[in-house]
There are 2 protein chains.
Amino acid sequence: MNLDNVPDIIVSRLPVYLRALERMYDHAIMTTSSQELGEKVGISAAQIRKDLSQFGEFGKQGTGYHIPFLIEHLRRILHVDHPWNVVIVGMGELGHAIARYQGFSVRGFRVAMCFDSDPTKIGRPVFNDLKMSGLSIQDEKNLVEALRGSNIKMAMLCVPASAAQAVTDVLVEAGIKGILNYAPVNLVTPRDIRVQYIDPTVGLQRMAYYIKE
Amino acid sequence: MNLDNVPDIIVSRLPVYLRALERMYDHAIMTTSSQELGEKVGISAAQIRKDLSQFGEFGKQGTGYHIPFLIEHLRRILHVDHPWNVVIVGMGELGHAIARYQGFSVRGFRVAMCFDSDPTKIGRPVFNDLKMSGLSIQDEKNLVEALRGSNIKMAMLCVPASAAQAVTDVLVEAGIKGILNYAPVNLVTPRDIRVQYIDPTVGLQRMAYYIKE
DNA sequence: TAGATTGTTAATCGATTAACAATC
DNA sequence: TAGATTGTTAATCGATTAACAATC
């Protein structure tokens, strides 16, 4: 059980396991097996057992896994056993939609600041459903300073593709360690900065390959 | 060059190559090498050459790849050399944001229909920026019938997690072959149905693992 | 006890990389 | 010609699966 050596591909599956387990828990299911969990997430039972075994022994022979126990441990392993503050950069249509979206806070990610470079947007309040969220759009010029004095380590990048790399460089300077990138470009970053890409068009294109006609 | 046997993992990288090449083309760059492309997308030059070689020979020794030529072929390989009509199911905040989003049509995916089950939404026009998009929200009850008479093979699923599997079953019945799933649940589908998952929280959790403190 | 299911080992399978002849 | 870069082969590396003793 050497936690320094866990392959990325295993880590990347843990949130998917966690999501399925939380869902079962919401349905008042308190026990599962690698077999059952595997069917829900489309992964073999052997692989799930192997993945989990990287981090400890969480199951019991004959009965499987106690869901609340496994959820608790997965959250701790992923460092999502406490809330994270995140910043949105780029408050266009997409940035606004993300700021409004309720799904993040439910799962422990709270939008704590948002920035744009457009002078006509700076200072405007951000609405959350129909009420104000308490946030207002800050000037991107002050980003480094504002983040330095915060505990924010993750950013959601919602600027146009043409600005994405320059803004990324600023985020890195500001001490950001993880970037959820909605801009349709690959980012170049130092090796200790993690980037996750969200590009729905890439998803559609991957499917198009397999669809005949 | 057996196109029936191309590993999924190779197919999944092609849209990323295409995106980077289109970007270079927009910057009036007409030639690249596997080395240069690799640096942009964070993949080794050898892997890019190996990936492309699955589909033919697109480069020239000494000079590399002619970008417009490679773009054309990648589009053809991915079946995105023509536009696709897609349907949105679930017109909550997220579905509306997606319907408004301009980025899809630019890259060849046109929202052609949208559905919801909420009677108060049915019949309402969908706005695209400030003007009407020409779409209005249709009753989910008529989904199978409406899709059967269309050429729509892909859906974007924006319903709540609790409804996602049931709606998926309907989409499959309606002849949909690819689902871009925004609901935070794994879907169970027949083997010939492709699913791509978009869950930003999963992305944030994957990064949280690596961020100390 | 009998049945179920874990954690783990060894075997298999597949993906990535290194190297280089071919050639533009 | 000399330098650059492809496409491809063989070697390496890593991930997945099958199988099973341990045990609840």
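Throughout, a chain's letter reflects where its sequence line sits, starting with A, and its residues are numbered from 1.
In the model, B:Asp199 has no side-chain atom that pairs as donor or acceptor with a side-chain atom of B:Tyr182 under 3.5 Å. Judged purely by distance below 3.5 Å, without hydrogens or angles, the side chains of B:Asp51 and B:Gln47 never pair a donor atom with an acceptor atom. A donor-acceptor contact under 3.5 angstrom links the side chains of B:Tyr210 and A:Asp8, judged on distance only.
For A:Tyr65, a side-chain nitrogen or oxygen approaches OP1 or OP2 of C:dG7 to under 4.0 Å.
One interatomic measurement links the two molecules: CG of A:Leu52 to C1' of C:dT8, which rounds to 13 Å at whole-angstrom precision. The nearest whole Å value for the distance from the CD1 atom in B:Ile48 to the P atom in D:dT5 is 14 Å. One atom, CG of A:Asp8, and another, P of C:dA15, lie 18 Å apart when rounded to the nearest Å. Remark: C1' of D:dT9 and CD of B:Glu57 are 14 Å apart, rounded to the nearest angstrom. In this entry the distance linking NE2 of B:His66 with C1' of D:dT6 reads 17 Å, nearest Å. The interatomic distance linking A:His73 (NE2) with C:dT6 (C1') rounds to 16 Å, in whole Å. A straight line from CG of A:Leu37 to C1' of C:dG7 spans 16 Å, rounded to a whole angstrom. The distance from atom CD of A:Gln35 to atom P of C:dG3 is 18 Å, rounded to the nearest whole Å.
When Watson-Crick and G-U wobble pairs are counted only if both distances are under 3.5 Å, D:dA18 pairs with C:dT9. Nucleotide D:dC24 has C:dG3 as its partner under the Watson-Crick or G-U criteria, with both atom distances under 3.5 Å.
Between B:Phe109 and B:Trp84, the angle of the ring planes stays under 30°, which puts this pair in the parallel group of the 30/60° scheme. Note: A:Tyr101 and A:Phe104 have perpendicular aromatic rings, judged against thresholds of 30 and 60 degrees for the angle between ring planes.
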Heavy atoms under 4.0 Å is the rule here; annotate nucleotides 16-24 of chain C 5' to 3' with B where the base is hit, S where only the sugar-phosphate is, and - elsewhere.
BBBB--BBB

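Just one of B:Arg19, B:Glu39, B:Lys40 meets the side-chain hydrogen bond (donor to acceptor under 3.5 Å, both in side chains) condition when paired with A:Asn186; it is B:Arg19.
No donor-acceptor distance shorter than 3.5 angstrom exists from the side chain of A:His79 to the backbone of A:Arg75, with no hydrogens or angles considered.
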